[in-house]
Novice: 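Can you read through this structure? Questions will come right after.
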Amino acid sequence: SEENELYRAQIHLYKHVYNFVSSMALKSVMELGIADVIDNHGKPMTLNELATSLKLHPSKVNILHRFLRLLTYNGFFVKTTVNAKEGGEGEIAYSLTPPSKLLVSGKSTCLAPIVKGALHPSSLDMWSASKQWFNEDKEQTLFESATGESFWDFLNKQSDTLSMFQDAMASDSRMFELALQENKHVFEGLESLVDVGGGTGGVTKLINKAFPHLKCTVFDQPQVVGNLTGTENLNFVGGDMFKSIPPADAVLLKWVLHDWNDEQSLKILKNSKEAISGKGKDGKVIIIDISIDETSDDRELTGLQLDYDLVMLTMFLGKEREKKEWEKLIYDAGFSSYKIRTISGFKSIIEVFP
Ligand SMILES: Oc1ccc2c(c1)OC[C@]1(O)c3cc4c(cc3O[C@H]21)OCO4
């Protein structure tokens, strides 16, 4: 009926207005370290056990309950009943689920740093300038329109924001370990690899561990790699990927090209092609990034990919690309062929051949 359609439309609209509440409630739970507390407890925890462990004031116990109710509804906790006496109803207790296990610190899969970074005020406050951004006659990011400086300049301005960003990147790269196990063949036969935009070397260290004979170079801005020391087969080199990239059999671009528009990405790919030219036909560029599959029926996956597209647009004038956009970029950069396959999570691995 028309009334029912109106009723459902209202729910859809309001749900999207308040999606930020779910994001911020997740951030609060991450900041409180609730996943660690439950993980350390080793079994389901009641509300009072949690509140005691978190040293919350009595007035906060019910507040915690309401947060846990929403996060349970969103799939971050499961409720079970404990201490049920004969005939008594027992107490509600909370356990972790796979998504909240990704918040347990100290584990290789901990993604808490990305929750912290991505929900830092610097990524949120800029949105209040979106109308001005749409109406200005300058091509710049929403971040620049709001703050007057690029996100990179903002990150590089203070060591704590730069390390927050690097920690976030490093936390994702540990999920890469799973992807690496599934895609060893991509790295077999290589003698040298340069990880462009490799930051503090999270990914490169994993590759080096899996392929000890592979000479790995972490290439990033001087202020990122400046004071990092490598090992026998892992060294850090500072430079500008828009000027030149150190030569190697393979260039790795993980979560880099989505930060840049087509013109900048083309430049990085051309410099990458130059860097592998010494290896002739056996050289390759390995791109690890989102490839949007609009035909996918996995709505949560595609929704995340489209969210990321707007994050890249508003903060870097970057973009997430569909397969056909990757193909155009690869051929425009002068490469002859490529192989693309999805890897664990929401990214794809694209091998590009000269
Ligand atoms: O190439 C990437 C990959 C992921 C991310 C990037 C850029 O920036 C946006 C982001 O949401 C983000 C913003 C951040 C941050 C981490 C962080 O992770 C997210 O730390 C401070 O601000």
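What you see is a predicted model; the values in this text were computed from it and never measured. Note that the numbering runs from 1 along the sequence shown for the chain.
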Novice: Would you say Lys116 has more than 12 foreign heavy atoms packed within less than 6.0 Å of its NZ?
Specialist: no
Novice: Does any non-hydrogen side-chain atom of Phe176 lie less than 4.5 Å from one of Ile207?
Specialist: yes
Novice: May I ask you to test the Val237-Val225 pair for a side-chain heavy-atom distance under 4.5 Å?
Specialist: no
Novice: Does His185 NE2 have over 12 foreign heavy atoms under 6.0 Å away?
Specialist: yes
Novice: Tell me which donor-acceptor pairs under 3.5 Å the side chains of residues 2-13 have, and how far apart each pair is, sequence neighbours excluded?
Specialist:
none

Novice: Angle between ring planes, His258 versus Tyr308, binned at 30° and 60°: parallel, tilted or perpendicular?
Specialist: tilted
Novice: Could you check whether any side-chain heavy atom of Ser272 comes within less than 4.5 Å of a side-chain heavy atom of Ile268, counting everything from C-beta outward?
Specialist: yes
Novice: Please determine whether a side-chain nitrogen of the Lys or Arg among Lys107 and Asp39 lies less than 4.0 Å from a carboxylate oxygen of the Asp or Glu.
Specialist: yes
Novice: Just verifying a value: how many Å separate Lys328 NZ and Leu266 CG, rounded to the nearest 0.5 Å?
Specialist: 8.0 Å
Novice: Would you sort out whether Ile287 and Tyr338 count as a side chain to side chain contact (heavy atoms under 4.5 Å, CB included), showing the intermediate values?
Specialist: CA-CA 10 Å; Ile287 298 168; Tyr338 70 94; over 6 Å; no
Novice: Check for a donor-acceptor pair, side chain of Arg321 on one end and backbone N or O of Leu329 on the other, with a separation under 3.5 Å.
Specialist: no
Novice: Would a single hydrophobic cluster contain both Leu47 and Leu54, if residues Ile, Leu, Val, Met, Phe, Trp and Tyr are joined by side-chain heavy-atom contacts under 4.5 Å?
Specialist: yes
Novice: Between Gln264 (side chain) and Asn261 (backbone), is there a donor-acceptor pair under 3.5 Å?
Specialist: yes
Novice: Can you see whether Phe353 has Lys339 sitting over its ring - NZ or CZ less than 6.0 Å from the centre and within 45° of the normal?
Specialist: no
Novice: Would Phe242 and Trp260 count as a ring-ring contact (aromatic ring centres under 6.0 Å, His included) here? Give the steps.
Specialist: CA-CA 11 Å; Phe242 289 104; Trp260 305 99; 4.9 Å; yes
Novice: Taking 4.0 angstrom as the limit, do Lys324 and Glu322 come out as a salt bridge?
Specialist: yes
Novice: If Ile, Leu, Val, Met, Phe, Trp and Tyr residues are connected whenever their side-chain heavy atoms lie under 4.5 Å apart, and connections chain through other members, are Leu304 and Leu102 in the same group?
Specialist: yes
Novice: Quick one: sort the Phe187 and Phe211 rings into parallel, tilted or perpendicular, breaks at 30° and 60°.
Specialist: tilted
Novice: How far does CZ of Phe316 sit from CG of Asp259, to the nearest 0.5 angstrom?
Specialist: 4.5 Å
Novice: Are side-chain heavy atoms of Asp293 and Asp298 found at a separation under 4.5 Å?
Specialist: no
Novice: Okay, side chain of Ser100, backbone of Leu96: is any donor-acceptor separation there less than 3.5 Å?
Specialist: no
Novice: Are Asn271 and Ser244 linked by a side-chain donor-acceptor pair shorter than 3.5 Å?
Specialist: no
Novice: Verify the cluster assignment for Ile38 and Phe67: are they in a single hydrophobic cluster under the rule of side-chain heavy atoms below 4.5 Å apart?
Specialist: no
Novice: How about Glu300: does its CD atom have over 12 heavy atoms from other parts shown lying under 6.0 Å from it?
Specialist: no
Novice: For residues Trp326 and Val352, determine if any side-chain heavy atom of one lies less than 4.5 Å from a side-chain heavy atom of the other.
Specialist: no
Novice: Heavy-atom count around Gln158 CD within 6.0 Å, excluding the residue itself: above 12?
Specialist: yes
Novice: Quick check: does any side chain N or O of Lys284 sit under 3.5 Å from a backbone N or O of Leu190, one acting as donor and the other as acceptor?
Specialist: no
Novice: Among Val194, Val196, Val186, Ile288, which one satisfies side-chain contact (heavy atoms from CB on, under 4.5 Å) with Leu252?
Specialist: Ile288
Novice: Is a donor on one side and an acceptor on the other found under 3.5 Å between the side chain of Asn208 and the backbone of Leu214?
Specialist: yes
Novice: Students often mix this up, so state it plainly: with edges at 30° and 60°, are the rings of Phe143 and Phe154 parallel, tilted or perpendicular?
Specialist: tilted
Novice: Strictly distance-based, threshold 3.5 Å: is any side-chain N or O of Ser277 a donor or acceptor partner for the main-chain N or O of Glu274?
Specialist: yes
Novice: Could you tell me if the side chain of Trp255 sits less than 4.5 Å from the side chain of Lys347, heavy atoms only?
Specialist: yes
Novice: Is there a donor-acceptor pair under 3.5 Å between the side chain of Thr97 and the backbone N or O of Gly75?
Specialist: yes
Novice: So do the side chains of His41 and Tyr94 get within less than 4.5 Å of each other, counting heavy atoms only?
Specialist: no
Novice: Can you find a heavy atom in the side chain of Glu136 that is under 4.5 Å from one in the side chain of Ser145?
Specialist: yes
Novice: For atom NZ of Lys131, is the number of surrounding heavy atoms from other residues, nucleotides or ligands below 6.0 Å larger than 12?
Specialist: no
Novice: Just verifying a value: how many Å separate Lys215 NZ and Leu193 CG, rounded to the nearest 0.5 Å?
Specialist: 12.0 Å
Novice: Do Met126 and Met164 land in one hydrophobic cluster if side-chain heavy atoms of ILVMFWY residues count as linked below 4.5 Å?
Specialist: no
Novice: Determine whether Ile114 and Leu306 fall in the same hydrophobic cluster, where Ile, Leu, Val, Met, Phe, Trp and Tyr are linked whenever their side-chain heavy atoms lie under 4.5 Å apart.
Specialist: yes
Novice: Backbone N or O of Gly230 within a donor-acceptor pair of the Asn235 side chain at under 3.5 Å?
Specialist: no
Novice: May I ask you to say whether Lys138 pairs ionically with Glu144, meaning some side-chain N is under 4.0 Å from a carboxylate O?
Specialist: no
